[in-house]
Number of protein chains: 2
Amino acid sequence: MSGTGRPRGFDADEALHAAMLVFWRQGYEGASLADLTAAMGITKTSMYAAFGNKEELFRKALARYDVGPASYGYRAVEQPTAREVAEAFLTGAVRTTTQPNCPAGCLGVQGSLAAGESGEPAREILVAWRNNGGRMLEERFRRAVEEGDLPEETDAGRLALYVMTVAFGIAVQAASGVSRADLQEVADTALLAWPA
Amino acid sequence: MSGTGRPRGFDADEALHAAMLVFWRQGYEGASLADLTAAMGITKTSMYAAFGNKEELFRKALARYDVGPASYGYRAVEQPTAREVAEAFLTGAVRTTTQPNCPAGCLGVQGSLAAGESGEPAREILVAWRNNGGRMLEERFRRAVEEGDLPEETDAGRLALYVMTVAFGIAVQAASGVSRADLQEVADTALLAWPA
DNA sequence: AGAGTTGTGTACCGATCGGTACTGAAACCG
DNA sequence: CGGTTTCAGTACCGATCGGTACACAACTCT
(Lines give C-alpha, C1' and ligand atoms only; values in the text may rest on other atoms or scores of the structure.)
Protein backbone atom coordinates (compact mmCIF):
# COMPACT_ATOMS: atom_id res chain seq x y z
CA MET A 1 0.00 0.00 0.00
CA SER A 2 1.05 3.61 -0.52
CA GLY A 3 -0.42 7.09 -0.74
CA THR A 4 -2.59 8.81 1.86
CA GLY A 5 -5.08 10.28 -0.57
CA ARG A 6 -6.29 13.73 -1.35
CA PRO A 7 -6.70 15.96 1.70
CA ARG A 8 -10.10 17.43 2.34
CA GLY A 9 -10.53 20.95 1.12
CA PHE A 10 -12.49 22.28 4.09
CA ASP A 11 -12.12 22.63 7.83
CA ALA A 12 -14.20 19.87 9.39
CA ASP A 13 -14.47 21.75 12.68
CA GLU A 14 -15.78 24.88 11.03
CA ALA A 15 -18.22 22.85 8.96
CA LEU A 16 -19.50 21.05 12.05
CA HIS A 17 -19.91 24.35 13.82
CA ALA A 18 -22.00 25.64 10.94
CA ALA A 19 -24.12 22.49 10.98
CA MET A 20 -24.66 22.85 14.72
CA LEU A 21 -26.04 26.34 14.20
CA VAL A 22 -28.47 25.12 11.54
CA PHE A 23 -29.75 22.29 13.74
CA TRP A 24 -30.01 24.71 16.61
CA ARG A 25 -32.03 27.23 14.64
CA GLN A 26 -34.21 24.86 12.63
CA GLY A 27 -34.32 21.59 14.57
CA TYR A 28 -33.41 18.17 13.26
CA GLU A 29 -36.38 17.68 10.99
CA GLY A 30 -36.48 21.30 9.90
CA ALA A 31 -32.87 21.24 8.76
CA SER A 32 -32.59 19.74 5.29
CA LEU A 33 -29.35 18.43 3.86
CA ALA A 34 -29.50 21.32 1.42
CA ASP A 35 -29.71 23.81 4.33
CA LEU A 36 -26.91 22.08 6.17
CA THR A 37 -24.45 21.71 3.31
CA ALA A 38 -25.10 25.25 2.13
CA ALA A 39 -24.21 26.58 5.58
CA MET A 40 -21.24 24.25 5.84
CA GLY A 41 -19.98 25.37 2.44
CA ILE A 42 -19.55 21.81 1.16
CA THR A 43 -21.43 19.40 -1.06
CA LYS A 44 -23.58 16.54 0.07
CA THR A 45 -20.92 14.09 -1.04
CA SER A 46 -18.31 15.70 1.17
CA MET A 47 -20.67 15.79 4.10
CA TYR A 48 -21.44 12.08 3.79
CA ALA A 49 -17.76 11.23 3.44
CA ALA A 50 -16.79 13.30 6.47
CA PHE A 51 -19.70 12.75 8.85
CA GLY A 52 -21.60 9.63 7.77
CA ASN A 53 -25.18 10.74 7.38
CA LYS A 54 -27.65 13.27 8.73
CA GLU A 55 -28.20 11.48 12.00
CA GLU A 56 -24.46 11.12 12.64
CA LEU A 57 -23.94 14.75 11.74
CA PHE A 58 -26.57 15.65 14.29
CA ARG A 59 -24.93 13.48 16.91
CA LYS A 60 -21.59 15.16 16.29
CA ALA A 61 -23.13 18.61 16.23
CA LEU A 62 -24.72 17.87 19.61
CA ALA A 63 -21.37 16.71 20.99
CA ARG A 64 -19.91 20.00 19.87
CA TYR A 65 -22.80 21.87 21.43
CA ASP A 66 -22.24 19.95 24.64
CA VAL A 67 -18.65 21.07 25.03
CA GLY A 68 -19.30 24.54 23.58
CA PRO A 69 -22.48 26.49 24.25
CA ALA A 70 -23.68 23.96 26.82
CA SER A 71 -20.41 23.68 28.68
CA TYR A 72 -21.76 25.96 31.39
CA GLY A 73 -23.25 22.80 32.91
CA TYR A 74 -19.84 21.28 33.55
CA ARG A 75 -18.55 24.53 35.00
CA ALA A 76 -21.63 24.85 37.18
CA VAL A 77 -21.16 21.54 38.99
CA GLU A 78 -17.64 22.60 39.92
CA GLN A 79 -18.90 25.47 42.03
CA PRO A 80 -18.08 25.08 45.72
CA THR A 81 -21.65 25.01 47.05
CA ALA A 82 -24.86 23.48 45.77
CA ARG A 83 -26.52 26.86 45.84
CA GLU A 84 -23.79 28.29 43.64
CA VAL A 85 -24.08 25.27 41.36
CA ALA A 86 -27.76 26.02 40.81
CA GLU A 87 -27.10 29.72 40.30
CA ALA A 88 -24.36 29.07 37.78
CA PHE A 89 -26.45 26.47 35.99
CA LEU A 90 -29.49 28.68 35.57
CA THR A 91 -27.48 31.77 34.71
CA GLY A 92 -25.56 29.74 32.17
CA ALA A 93 -28.81 28.53 30.64
CA VAL A 94 -30.09 32.09 30.43
CA ARG A 95 -26.94 33.35 28.80
CA THR A 96 -26.57 30.53 26.28
CA THR A 97 -30.20 30.54 25.20
CA THR A 98 -30.16 34.30 24.66
CA GLN A 99 -26.71 34.67 23.14
CA PRO A 100 -26.51 37.27 20.37
CA ASN A 101 -25.43 35.91 16.97
CA CYS A 102 -26.65 32.47 17.98
CA PRO A 103 -30.09 30.92 17.60
CA ALA A 104 -32.37 31.65 20.55
CA GLY A 105 -33.09 28.67 22.77
CA CYS A 106 -31.31 25.39 23.41
CA LEU A 107 -30.32 22.84 20.77
CA GLY A 108 -30.86 20.08 23.29
CA VAL A 109 -34.50 21.10 23.67
CA GLN A 110 -35.68 22.48 20.35
CA GLY A 111 -33.48 20.17 18.27
CA SER A 112 -36.25 17.62 18.46
CA LEU A 113 -38.95 17.55 21.13
CA ALA A 114 -41.53 15.77 19.01
CA ALA A 115 -40.81 14.08 15.72
CA GLY A 116 -42.20 11.84 13.03
CA GLU A 117 -40.85 8.38 12.40
CA SER A 118 -37.75 9.54 10.55
CA GLY A 119 -36.80 11.94 13.33
CA GLU A 120 -37.26 9.48 16.16
CA PRO A 121 -33.57 8.59 16.54
CA ALA A 122 -32.63 12.25 16.91
CA ARG A 123 -35.39 12.71 19.45
CA GLU A 124 -34.09 9.85 21.54
CA ILE A 125 -30.56 11.20 21.34
CA LEU A 126 -31.79 14.45 22.88
CA VAL A 127 -33.85 12.72 25.55
CA ALA A 128 -30.69 10.91 26.61
CA TRP A 129 -28.69 14.15 26.51
CA ARG A 130 -31.20 15.98 28.69
CA ASN A 131 -31.46 13.10 31.16
CA ASN A 132 -27.70 13.01 31.37
CA GLY A 133 -27.64 16.64 32.42
CA GLY A 134 -30.12 15.89 35.17
CA ARG A 135 -28.05 12.97 36.38
CA MET A 136 -24.95 15.13 36.57
CA LEU A 137 -26.77 17.70 38.66
CA GLU A 138 -28.31 15.04 40.87
CA GLU A 139 -24.95 13.50 41.66
CA ARG A 140 -23.56 16.91 42.51
CA PHE A 141 -26.43 17.62 44.87
CA ARG A 142 -26.12 14.19 46.45
CA ARG A 143 -22.51 14.97 47.19
CA ALA A 144 -23.57 18.29 48.67
CA VAL A 145 -25.91 16.45 51.04
CA GLU A 146 -23.11 14.12 52.09
CA GLU A 147 -20.83 17.07 52.68
CA GLY A 148 -23.42 18.79 54.82
CA ASP A 149 -23.69 21.58 52.28
CA LEU A 150 -27.38 20.77 51.82
CA PRO A 151 -29.81 19.77 54.59
CA GLU A 152 -29.68 16.07 55.37
CA GLU A 153 -33.29 15.49 54.35
CA THR A 154 -32.83 17.06 50.90
CA ASP A 155 -33.96 14.92 47.96
CA ALA A 156 -31.09 15.43 45.51
CA GLY A 157 -32.98 13.90 42.61
CA ARG A 158 -35.97 16.12 43.18
CA LEU A 159 -33.83 19.21 43.45
CA ALA A 160 -31.94 18.35 40.27
CA LEU A 161 -35.18 17.72 38.43
CA TYR A 162 -36.45 21.09 39.56
CA VAL A 163 -33.38 22.98 38.41
CA MET A 164 -33.34 21.15 35.07
CA THR A 165 -37.04 21.86 34.59
CA VAL A 166 -36.54 25.59 35.11
CA ALA A 167 -33.60 25.53 32.71
CA PHE A 168 -35.72 23.82 30.04
CA GLY A 169 -38.49 26.31 30.60
CA ILE A 170 -35.98 29.11 30.14
CA ALA A 171 -34.97 27.52 26.84
CA VAL A 172 -38.56 27.49 25.64
CA GLN A 173 -39.07 31.11 26.64
CA ALA A 174 -35.87 32.12 24.90
CA ALA A 175 -37.10 30.40 21.74
CA SER A 176 -40.21 32.54 22.02
CA GLY A 177 -38.08 35.66 22.06
CA VAL A 178 -38.06 36.52 25.76
CA SER A 179 -35.10 38.74 26.66
CA ARG A 180 -32.03 37.81 28.62
CA ALA A 181 -32.86 40.27 31.39
CA ASP A 182 -36.36 38.89 31.85
CA LEU A 183 -35.10 35.33 31.93
CA GLN A 184 -32.44 36.19 34.47
CA GLU A 185 -35.25 37.46 36.68
CA VAL A 186 -36.99 34.13 36.20
CA ALA A 187 -33.82 32.32 37.24
CA ASP A 188 -33.53 34.54 40.33
CA THR A 189 -37.14 33.86 41.23
CA ALA A 190 -36.67 30.12 40.81
CA LEU A 191 -33.82 30.19 43.32
CA LEU A 192 -36.14 31.57 45.98
CA ALA A 193 -37.35 27.98 46.30
CA TRP A 194 -33.89 26.91 47.41
CA PRO A 195 -33.88 24.70 50.54
CA ALA A 196 -32.99 26.59 53.70
CA MET B 1 -80.41 27.28 -7.44
CA SER B 2 -81.40 24.14 -5.56
CA GLY B 3 -79.85 21.21 -3.70
CA THR B 4 -77.59 21.31 -0.69
CA GLY B 5 -75.16 18.73 -1.92
CA ARG B 6 -73.83 15.52 -0.60
CA PRO B 7 -73.21 15.53 3.16
CA ARG B 8 -69.71 14.70 4.30
CA GLY B 9 -69.19 11.13 5.24
CA PHE B 10 -67.09 11.74 8.36
CA ASP B 11 -67.34 13.59 11.65
CA ALA B 12 -65.25 16.75 11.31
CA ASP B 13 -64.85 17.04 15.07
CA GLU B 14 -63.55 13.53 15.43
CA ALA B 15 -61.20 14.03 12.49
CA LEU B 16 -59.85 17.25 13.98
CA HIS B 17 -59.33 15.52 17.29
CA ALA B 18 -57.31 12.81 15.56
CA ALA B 19 -55.25 15.43 13.73
CA MET B 20 -54.57 17.23 17.01
CA LEU B 21 -53.15 14.05 18.49
CA VAL B 22 -50.84 13.54 15.52
CA PHE B 23 -49.53 17.12 15.70
CA TRP B 24 -49.14 16.72 19.43
CA ARG B 25 -47.15 13.51 19.13
CA GLN B 26 -45.07 14.34 16.06
CA GLY B 27 -44.92 18.10 15.84
CA TYR B 28 -45.95 20.21 12.85
CA GLU B 29 -43.06 19.32 10.59
CA GLY B 30 -42.94 15.72 11.72
CA ALA B 31 -46.60 15.17 10.88
CA SER B 32 -47.03 14.45 7.18
CA LEU B 33 -50.34 14.75 5.38
CA ALA B 34 -50.21 10.99 4.97
CA ASP B 35 -49.87 10.57 8.77
CA LEU B 36 -52.63 13.05 9.41
CA THR B 37 -55.20 11.78 6.94
CA ALA B 38 -54.52 8.16 7.92
CA ALA B 39 -55.26 9.02 11.56
CA MET B 40 -58.27 11.11 10.56
CA GLY B 41 -59.63 8.27 8.46
CA ILE B 42 -60.17 10.47 5.41
CA THR B 43 -58.41 11.20 2.14
CA LYS B 44 -56.26 14.21 1.39
CA THR B 45 -59.00 15.60 -0.82
CA SER B 46 -61.52 15.53 2.00
CA MET B 47 -59.03 17.11 4.39
CA TYR B 48 -58.35 20.02 2.05
CA ALA B 49 -62.05 20.52 1.40
CA ALA B 50 -62.87 20.54 5.10
CA PHE B 51 -59.88 22.30 6.65
CA GLY B 52 -58.06 24.28 3.96
CA ASN B 53 -54.47 23.13 4.12
CA LYS B 54 -51.94 21.75 6.56
CA GLU B 55 -51.28 25.08 8.26
CA GLU B 56 -55.01 25.77 8.71
CA LEU B 57 -55.51 22.26 10.01
CA PHE B 58 -52.78 22.92 12.55
CA ARG B 59 -54.36 26.21 13.56
CA LYS B 60 -57.69 24.50 14.09
CA ALA B 61 -56.09 21.60 15.94
CA LEU B 62 -54.41 24.10 18.26
CA ALA B 63 -57.71 25.86 18.87
CA ARG B 64 -59.18 22.53 19.84
CA TYR B 65 -56.20 21.85 22.08
CA ASP B 66 -56.67 25.24 23.68
CA VAL B 67 -60.24 24.56 24.75
CA GLY B 68 -59.58 20.88 25.48
CA PRO B 69 -56.37 19.60 27.01
CA ALA B 70 -55.09 23.14 27.68
CA SER B 71 -58.31 24.44 29.18
CA TYR B 72 -56.82 24.07 32.66
CA GLY B 73 -55.33 27.52 32.08
CA TYR B 74 -58.73 29.17 31.88
CA ARG B 75 -59.92 27.31 34.95
CA ALA B 76 -56.76 28.23 36.83
CA VAL B 77 -57.20 31.99 36.50
CA GLU B 78 -60.67 31.67 37.98
CA GLN B 79 -59.29 30.48 41.30
CA PRO B 80 -59.98 32.88 44.18
CA THR B 81 -56.37 33.65 45.11
CA ALA B 82 -53.23 34.15 43.05
CA ARG B 83 -51.53 31.38 44.93
CA GLU B 84 -54.31 28.99 44.02
CA VAL B 85 -54.14 30.21 40.43
CA ALA B 86 -50.48 29.23 40.25
CA GLU B 87 -51.12 25.90 41.95
CA ALA B 88 -53.96 25.05 39.59
CA PHE B 89 -51.97 26.17 36.58
CA LEU B 90 -48.92 24.08 37.35
CA THR B 91 -50.92 21.06 38.46
CA GLY B 92 -52.95 21.34 35.27
CA ALA B 93 -49.77 21.44 33.22
CA VAL B 94 -48.46 18.36 35.00
CA ARG B 95 -51.66 16.44 34.48
CA THR B 96 -52.15 17.36 30.83
CA THR B 97 -48.56 16.72 29.81
CA THR B 98 -48.58 13.30 31.47
CA GLN B 99 -52.07 12.17 30.54
CA PRO B 100 -52.34 8.47 29.72
CA ASN B 101 -53.56 7.70 26.18
CA CYS B 102 -52.34 11.12 25.03
CA PRO B 103 -48.93 12.14 23.73
CA ALA B 104 -46.55 13.17 26.49
CA GLY B 105 -45.77 16.88 26.62
CA CYS B 106 -47.57 19.98 25.39
CA LEU B 107 -48.70 20.60 21.81
CA GLY B 108 -48.09 24.31 22.32
CA VAL B 109 -44.44 23.62 23.08
CA GLN B 110 -43.37 20.61 21.06
CA GLY B 111 -45.65 21.36 18.13
CA SER B 112 -42.90 23.58 16.76
CA LEU B 113 -40.12 25.11 18.84
CA ALA B 114 -37.63 25.36 15.99
CA ALA B 115 -38.50 24.92 12.34
CA GLY B 116 -37.25 25.24 8.82
CA GLU B 117 -38.65 27.76 6.40
CA SER B 118 -41.79 25.80 5.63
CA GLY B 119 -42.62 25.39 9.30
CA GLU B 120 -42.09 29.02 10.26
CA PRO B 121 -45.78 29.97 10.20
CA ALA B 122 -46.66 27.18 12.59
CA ARG B 123 -43.80 28.19 14.86
CA GLU B 124 -45.06 31.74 15.02
CA ILE B 125 -48.58 30.55 15.75
CA LEU B 126 -47.26 28.70 18.79
CA VAL B 127 -45.12 31.63 19.95
CA ALA B 128 -48.26 33.73 19.94
CA TRP B 129 -50.21 31.03 21.74
CA ARG B 130 -47.62 30.72 24.47
CA ASN B 131 -47.29 34.47 24.89
CA ASN B 132 -51.04 34.71 25.15
CA GLY B 133 -51.02 32.30 28.08
CA GLY B 134 -48.46 34.44 29.83
CA ARG B 135 -50.51 37.56 29.26
CA MET B 136 -53.57 35.90 30.75
CA LEU B 137 -51.64 34.92 33.86
CA GLU B 138 -50.05 38.35 34.13
CA GLU B 139 -53.41 40.11 34.06
CA ARG B 140 -54.73 37.78 36.73
CA PHE B 141 -51.75 38.49 38.97
CA ARG B 142 -52.03 42.22 38.38
CA ARG B 143 -55.61 42.03 39.53
CA ALA B 144 -54.45 40.10 42.60
CA VAL B 145 -52.04 42.93 43.44
CA GLU B 146 -54.82 45.47 43.11
CA GLU B 147 -57.05 43.38 45.34
CA GLY B 148 -54.34 43.14 47.98
CA ASP B 149 -54.15 39.39 47.43
CA LEU B 150 -50.49 39.76 46.44
CA PRO B 151 -47.96 42.12 48.08
CA GLU B 152 -48.11 45.63 46.66
CA GLU B 153 -44.55 45.49 45.35
CA THR B 154 -45.13 42.26 43.39
CA ASP B 155 -44.14 42.38 39.74
CA ALA B 156 -47.09 40.61 38.11
CA GLY B 157 -45.32 40.24 34.78
CA ARG B 158 -42.30 38.68 36.38
CA LEU B 159 -44.40 36.29 38.42
CA ALA B 160 -46.41 35.24 35.38
CA LEU B 161 -43.24 34.69 33.38
CA TYR B 162 -41.91 32.53 36.16
CA VAL B 163 -44.99 30.35 36.37
CA MET B 164 -45.16 30.00 32.58
CA THR B 165 -41.48 29.08 32.46
CA VAL B 166 -41.93 26.32 35.00
CA ALA B 167 -44.96 25.05 33.08
CA PHE B 168 -42.96 24.94 29.84
CA GLY B 169 -40.14 23.16 31.60
CA ILE B 170 -42.62 20.61 32.88
CA ALA B 171 -43.79 20.10 29.29
CA VAL B 172 -40.23 19.39 28.16
CA GLN B 173 -39.65 16.96 30.99
CA ALA B 174 -42.90 15.18 30.24
CA ALA B 175 -41.80 14.82 26.62
CA SER B 176 -38.65 13.17 27.93
CA GLY B 177 -40.74 10.64 29.79
CA VAL B 178 -40.62 12.01 33.33
CA SER B 179 -43.51 10.69 35.41
CA ARG B 180 -46.53 12.59 36.65
CA ALA B 181 -45.57 12.10 40.28
CA ASP B 182 -42.06 13.47 39.77
CA LEU B 183 -43.38 16.48 37.87
CA GLN B 184 -45.93 17.20 40.55
CA GLU B 185 -43.03 17.37 43.00
CA VAL B 186 -41.34 19.84 40.66
CA ALA B 187 -44.48 21.95 40.63
CA ASP B 188 -44.64 21.85 44.42
CA THR B 189 -41.00 22.89 44.66
CA ALA B 190 -41.54 25.75 42.24
CA LEU B 191 -44.28 27.13 44.45
CA LEU B 192 -41.85 27.45 47.36
CA ALA B 193 -40.67 30.59 45.56
CA TRP B 194 -44.09 32.13 46.01
CA PRO B 195 -44.02 35.73 47.36
CA ALA B 196 -44.73 35.95 51.06
C1' DA C 1 6.57 8.82 -13.70
C1' DG C 2 3.29 5.49 -11.97
C1' DA C 3 0.41 3.20 -8.58
C1' DG C 4 -2.52 3.55 -4.87
C1' DT C 5 -5.68 6.18 -2.03
C1' DT C 6 -8.97 9.56 -0.81
C1' DG C 7 -11.71 13.89 -1.45
C1' DT C 8 -14.88 16.52 -4.69
C1' DG C 9 -18.49 17.71 -8.07
C1' DT C 10 -22.17 16.22 -11.01
C1' DA C 11 -25.78 13.93 -12.04
C1' DC C 12 -28.95 10.97 -10.50
C1' DC C 13 -31.78 7.56 -7.44
C1' DG C 14 -36.55 6.13 -5.53
C1' DA C 15 -39.50 7.96 -2.10
C1' DT C 16 -42.07 11.31 -0.15
C1' DC C 17 -43.41 16.13 0.40
C1' DG C 18 -47.76 19.39 0.26
C1' DG C 19 -51.26 20.20 -2.91
C1' DT C 20 -54.68 19.65 -6.96
C1' DA C 21 -57.49 18.31 -11.44
C1' DC C 22 -60.79 15.35 -12.61
C1' DT C 23 -64.32 11.86 -12.43
C1' DG C 24 -68.18 9.98 -10.22
C1' DA C 25 -71.07 9.12 -6.36
C1' DA C 26 -74.46 10.77 -3.14
C1' DA C 27 -77.29 13.80 -1.38
C1' DC C 28 -80.86 17.73 -1.80
C1' DC C 29 -84.29 20.40 -4.54
C1' DG C 30 -88.26 21.00 -7.75
C1' DC D 1 -87.67 12.18 -12.77
C1' DG D 2 -83.95 15.93 -14.03
C1' DG D 3 -80.90 19.54 -12.26
C1' DT D 4 -77.76 21.20 -9.00
C1' DT D 5 -74.50 21.01 -5.49
C1' DT D 6 -71.16 18.99 -2.68
C1' DC D 7 -68.21 15.23 -1.19
C1' DA D 8 -64.87 11.35 -2.14
C1' DG D 9 -61.42 8.61 -4.54
C1' DT D 10 -57.84 8.18 -7.98
C1' DA D 11 -54.31 9.63 -10.22
C1' DC D 12 -51.24 12.97 -10.74
C1' DC D 13 -48.36 17.50 -10.17
C1' DG D 14 -43.57 19.75 -9.52
C1' DA D 15 -40.48 20.08 -5.76
C1' DT D 16 -37.85 18.37 -2.35
C1' DC D 17 -36.43 14.65 0.73
C1' DG D 18 -32.07 11.82 2.29
C1' DG D 19 -28.69 9.32 0.00
C1' DT D 20 -25.44 7.44 -3.73
C1' DA D 21 -22.79 5.94 -8.34
C1' DC D 22 -19.38 7.44 -10.95
C1' DA D 23 -15.81 10.03 -13.03
C1' DC D 24 -12.13 12.80 -11.93
C1' DA D 25 -8.88 15.65 -9.21
C1' DA D 26 -5.30 15.85 -5.73
C1' DC D 27 -2.39 14.05 -2.78
C1' DT D 28 1.66 10.50 -0.95
C1' DC D 29 4.19 6.82 -1.70
C1' DT D 30 7.63 3.80 -4.47
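All chains are named by letter (A, B, ...) in the order of the sequence lines, taking the proteins before the strands, and each is independently numbered beginning at 1. Note that these values count all heavy atoms, side chains included, but never hydrogens, waters or copies made by symmetry.
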Specify the residues of residues 108-115 of chain A, ordered by number, for which at least one heavy atom lies under 4.0 angstrom from an atom of DNA chain D. none
Is Lys54(B) positioned over the aromatic face of Tyr28(B), cation under 6.0 angstrom from the ring centre and no more than 45 degrees off axis? yes
Whole Å only: how far is the CG atom of Leu33(A) from the C1' atom of dG14(C)? 15 Å
Here the distance between atom P of dT8(C) and atom CG of Asp11(A), to the nearest Å, is 12 Å
Name every residue in residues 36-51 of chain B that has at least one heavy atom under 4.0 Å from any atom of DNA chain D, in order of residue number, or write none if there are no such residues. Thr43(B), Thr45(B), Ser46(B)
Contacts of Asp35(A) and Gly52(A) projected onto DNA chain D by closest heavy atom; the upstream (5') one is Asp35(A)
Arg8(A) has a side chain; which of dC17(D), dG7(C), dA8(D) sits nearest to it? dG7(C)
Measure from NZ or CZ of Arg8(B) to the centre of the six-membered ring of Phe10(B), then state whether that distance is under 6.0 Å and the direction lies within 45° of the axis. yes
Please report the distance, rounded to the nearest Å, between CD in Gln26(B) and P in dG18(C). 11 Å
Arg123(A)/Glu120(A) ion pair, N-O < 4.0 Å: yes
Could you report the tightest heavy-atom contact between Cys102(A) and Leu21(A), atom names first, then the distance? SG-CD2, 4.3 Å
Has Arg180(B) got a side-chain atom pairing as donor or acceptor with Pro100(B)'s backbone, closer than 3.5 angstrom? no
Atom CD of Glu147(B): over 12 foreign heavy atoms under 6.0 Å: yes
Could you tell me whether Ala31(B) contacts a base, only the sugar-phosphate backbone, or nothing, with contacts defined as non-hydrogen atoms closer than 4.0 Å? sugar-phosphate
Whichever of Arg6(B) and Lys54(B) has its nearest DNA chain C nucleotide further upstream toward 5': Lys54(B)
What is the distance from CD of Glu29(B) to C1' of dG18(C), rounded to the nearest Å? 13 Å
CZ (Arg83(A)) with more than 12 external heavy atoms under 6.0 Å: yes
Any donor-acceptor N/O pair, Asp35(A) side chain to Ser32(A) backbone, under 3.5 Å: yes
